[in-house]
**Q** 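For reference, the structure I am asking about is given below.
Small disclaimer: the values here were computed from a predicted structure and weren't measured.
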Amino acid sequence: MEKITTIGLDIAKHVFQVHGINGAGATVSRRKLRRDDVVEFFKALPPCLIGIEACATGHHWARVLMALGHEVRLMPASYVKPYVKRQKNDAMDAEAICEAVTRPTMRFVPVKSEEQQSVLMLHRVRELLIRQRTMLVNALRGHLAEFGIVTRQGVAGVGTLIALIEDDDHDLIPPLARSALLPLIEQLQEVHEKVNAMDRQIHAWHRSNELSRRLETIPGIGPITASALAATVTDPSLFKSGRQLAAWIGLVPRQNSSGGKDRLGRISKQGDPYLRRLLVVGAHAVLRFSRKAKVAPTRWAAGLLVRKPYNVVAVALANKMARIVWALMTTGRRFEATASL
């Protein structure tokens, strides 16, 4: 077999597809591998360049192959798709990956460590539990509204509903309905305790990570947002500026420009929706207390509020926060109170 210099690896759950080429670009290997045979196959190969789509288990296989001495590059699946020729199957996908990984203008995804993926897993599980808690609260409100019981929104309103359900000294709720709602209350309390446990774990990791602590010094960024940024942005030097980081998160308007005319719309759903939501929520918190604060970060936002709608200012402020995040990550400095958002 001729020496393989570049491989496109289409990963899956059980069957992997390999497409290898030599230094001249000629195809020298096209084969399928079972999951148990992947490590042995690449262990027998000399060090080469391996391209993988940045999808599920992509970071795991990148770490495994890098430990064998290979150079692994992850690519967004959307950037690989244009290289697929006509029909789509595993062999064509592997060939497209092999072609895309050799492009000089291709953008690659840094390989995350196990620690970074573990922290992000805490965030993902926490988000799932919060969604479940919201579903349970909405179910309680909807069911009790059928009996004319409506309380105010927020934690206090939920507490009132729970107290009414657990109190059997009144006839506002039929006994059969109360027996149906009690399991929801038990599940709600259990989910709430798990969310608090996740928060404690995230805060513990935040205190142990120097970068996350530095990011927390930015107004509007707390331990949750700081830890998510520190775990997600693996290598900030890949971004030439803070504007590129903000665009990567998805805090820039959609462009539809042509003929020298700039047409900018609303922000799109591209980027990282979790980081974008955290930064926008943090920007709303800064704006909410801007009138009470007397520090420089609120002056810029207050001046912008005079000319722009509230939501637009919040997104603009989140964009600026992302640029400051990039500056702190690349310089190793902390946010100074005299600086301006």
**Q** Is Arg35 reaching over with its side chain to a backbone N or O of Lys13, donor-acceptor style, under 3.5 angstrom?
**A**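 Checked: pair present.
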**Q** Is a side-chain donor or acceptor of His70 paired with a backbone partner of Cys48 at a separation under 3.5 angstrom?
**A**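 Answer holds: yes.
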**Q** Does any N or O in the side chain of Arg178 come within less than 3.5 Å of the main-chain N or O of Asp167, such that one atom is a donor and the other an acceptor?
**A**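 Checking the backbone N and O of Asp167 against the side chain of Arg178, a donor-acceptor pair under 3.5 Å is found.
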**Q** If hydrophobic clusters are built from ILVMFWY residues whose side chains come within less than 4.5 Å, do Met198 and Val119 share one?
**A**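 In one cluster: no.
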**Q** Which heavy-atom pair separates His59 from Pro110 by the least distance, and what is that distance?
**A**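 Looking at all heavy atoms of both residues, the shortest contact is CE1-O, 3.3 Å.
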**Q** Could you check whether any side-chain N or O of Gln116 sits under 3.5 Å from a backbone N or O of Lys112, counting only pairs where one atom can act as donor and the other as acceptor?
**A**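 Not a single qualifying donor-acceptor pair exists.
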**Q** Indicate yes or no for a side-chain donor-acceptor contact from Thr6 to the backbone of Leu49 under 3.5 Å, with no hydrogens or angles considered.
**A**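 Absent.
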**Q** Is a donor from one side chain sitting under 3.5 angstrom from an acceptor on the other, for Glu216 and His206?
**A**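 Judged by distance alone, the side chains do pair up.
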**Q** Does Glu210 have more than 12 heavy atoms from other residues, nucleotides or ligands lying within 6.0 Å of its CD?
**A**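 Yes, the 6.0 Å shell around CD holds more than 12 heavy atoms from other groups.
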**Q** Between Asn319 and Arg323, is there a side-chain donor-acceptor contact under 3.5 Å, judged purely by atom types and distance?
**A**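 Per modelled atom types, Arg323 and Asn319 side chains form a pair under 3.5 Å.
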**Q** Any chain of hydrophobic side-chain contacts (each under 4.5 Å) joining Leu9 to Val39?
**A**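 Linked, Leu9 and Val39 end up in one cluster.
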**Q** How about Phe16 and Asp37: do any of their side-chain heavy atoms sit closer than 4.5 Å?
**A**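 Of all side-chain heavy-atom pairs linking Asp37 with Phe16, none is under 4.5 Å.
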**Q** On a heavy-atom basis, which atom in Pro223 and which in Ile202 lie closest, and how many Å separate them?
**A**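 Residues Pro223 and Ile202, closest heavy atoms: O-CG2, 4.4 Å.
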**Q** How close do Ala62 and Leu74 get, heavy atom to heavy atom, and via which atoms?
**A**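 Of all heavy-atom pairs spanning Ala62 and Leu74, the closest is CB-CD2, 4.1 Å.
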**Q** Donor-acceptor pair, distance only, cut-off 3.5 Å: does the side chain of Thr232 make one with the backbone of Leu229?
**A**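 Here the side-chain-to-backbone pair does not exist.
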**Q** Provide the full list of salt bridge (Lys or Arg N to Asp or Glu O under 4.0 Å) pairs with a residue in residues 121-140, sequence neighbours left out, each pair given once.
**A**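 Listed by first then second residue: Arg126-Asp199, Glu127-Arg277.
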**Q** Are Ile249 and Leu278 in one and the same hydrophobic cluster, where Ile, Leu, Val, Met, Phe, Trp and Tyr link if side-chain heavy atoms are under 4.5 Å apart?
**A**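 No.
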**Q** Sub-3.5 Å donor-acceptor pair from the side chain of His170 to the main-chain atoms of Leu164, do we have one?
**A**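 Yes; at least one donor-acceptor contact below 3.5 Å.
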**Q** Checking Thr331 side chain against Ala327 main chain: does a donor-acceptor pair fall under 3.5 Å?
**A**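 Side chain of Thr331 to backbone of Ala327: a pair is present.
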**Q** Mind checking whether Arg141 and Leu161 have side chains closer than 4.5 Å, heavy atoms only?
**A**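 A side-chain contact under 4.5 Å exists here.
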**Q** Would you mind reporting whether Leu215 and Met329 have side-chain heavy atoms less than 4.5 Å apart?
**A**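 SC-SC contact between Met329 and Leu215 confirmed.
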**Q** Any side-chain heavy-atom pair from Tyr83 and Met75 closer than 4.5 angstrom?
**A**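 Not touching, per the 4.5 Å side-chain cut-off.
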**Q** Consider only side-chain N and O atoms of Trp205 and Glu115, and report whether a donor and an acceptor are under 3.5 Å apart.
**A**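 Present: a donor and an acceptor within the cut-off.
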**Q** Surrounding CG of Asp171 (heavy atoms of other residues, nucleotides or ligands, distance under 6.0 Å), is the total greater than 12?
**A**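 Counting neighbours around CG of Asp171, 12 or fewer heavy atoms of other residues, nucleotides or ligands fall under 6.0 Å, so no.
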**Q** Between Trp326 (side chain) and Pro236 (backbone), is there a donor-acceptor pair under 3.5 Å?
**A**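 Judged by distance alone, yes, a pair lies under 3.5 Å.
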**Q** Got a donor-acceptor contact below 3.5 angstrom from the Arg276 side chain to the Gln270 backbone?
**A**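 The answer is yes, because a donor-acceptor pair under 3.5 Å joins these two groups.
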**Q** May I ask you to decide if the ring planes of Tyr310 and His284 are parallel, tilted or perpendicular, using 30° and 60° as cut-offs?
**A**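 Tilted, since the angle between the ring planes falls between 30° and 60°.
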**Q** Would you say Ile97 and Val111 are hydrophobically clustered, going by side-chain heavy atoms of ILVMFWY under 4.5 Å?
**A**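 Each belongs to a different hydrophobic cluster.
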